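One structure below.
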Amino acid sequence: MNRAKTAPQLVDLTALPAVPCPCGTARRAFADRPEFPGTVHLTQITQSARTHYHNEHVEVYIVLECESDAAIELDGVLHPVRPLTAILIPTGVRHRAVGEMKTVIISTPNFDASDEHFDPQ
């Protein structure tokens, strides 16, 4: 079987436009690459991050920088994090980052804002 070779792509995540998200702001890459079933986000998480969940997306958070008391809340349970902590978040898990931090988030399938869900307040 002969498959067409696609070109690699290098992206400076810091050069992408920042868009608001429930966590703070995100810069998203690779949504247009059919051979990669996901997106990569450079996300600046703020103190006002909101608890949310996804019905379709699985996410991996990789903490690059964070405050010393930073944590990730998963289904109501706080877990301390530090730089280079990786967190796998399956579908349906309510989550939010607690404290300011910079993360890389890998979302699969491709990120779609319509799959961000919030519990009634």
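Quantities reported herein were computed from a predicted structural model and do not represent experimental measurements.
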Minimum heavy-atom separation for [X] and [Y], please, with both atom names.
X: Ala71; Y: Leu78; value: CB-CD2, 4.0 Å
X: Pro37; Y: Asn110; value: C-OD1, 3.7 Å
X: Glu56; Y: Asp115; value: N-OD2, 2.8 Å

Using modelled atom types and a 3.5 Å cut-off, is there a donor and acceptor pairing between side-chain atoms of [X] and backbone atoms of [Y]?
X: Arg94; Y: Thr51; result: no
X: Glu73; Y: Arg96; result: no
X: Thr39; Y: Phe111; result: yes

Side-chain contact test, heavy atoms from C-beta onward, threshold under 4.5 Å: evaluate it for Glu100 versus Gln47 and give yes or no.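 The answer is yes; the side chains approach within 4.5 Å.
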Among Val93, Val60, Leu74, the one residue meeting side chain to side chain contact (heavy atoms under 4.5 Å, CB included) with Ile87: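 Going through the options one by one, the only one that passes is Leu74.
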Are more than 12 heavy atoms, taken from residues, nucleotides or ligands other than Arg33, located less than 6.0 Å from that residue's CZ atom?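 Yes, the 6.0 Å shell around CZ holds more than 12 heavy atoms from other groups.
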If you group Ile, Leu, Val, Met, Phe, Trp and Tyr by side-chain heavy-atom gaps below 4.5 Å, do [X] and [Y] land in one group?
X: Val98; Y: Ile45; answer: no
X: Leu64; Y: Leu16; answer: yes
X: Ile72; Y: Val63; answer: yes

Step by step, work out the side chain to side chain donor-acceptor pair (under 3.5 Å) result for His52 and His95. CA-CA 6 Å; His52 62 286; His95 59 281; 3.2 Å; yes
Could you tell me whether the side chains of Glu59 and His41 share a donor-acceptor contact shorter than 3.5 Å?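 No - no donor-acceptor pair under 3.5 Å links their side chains.
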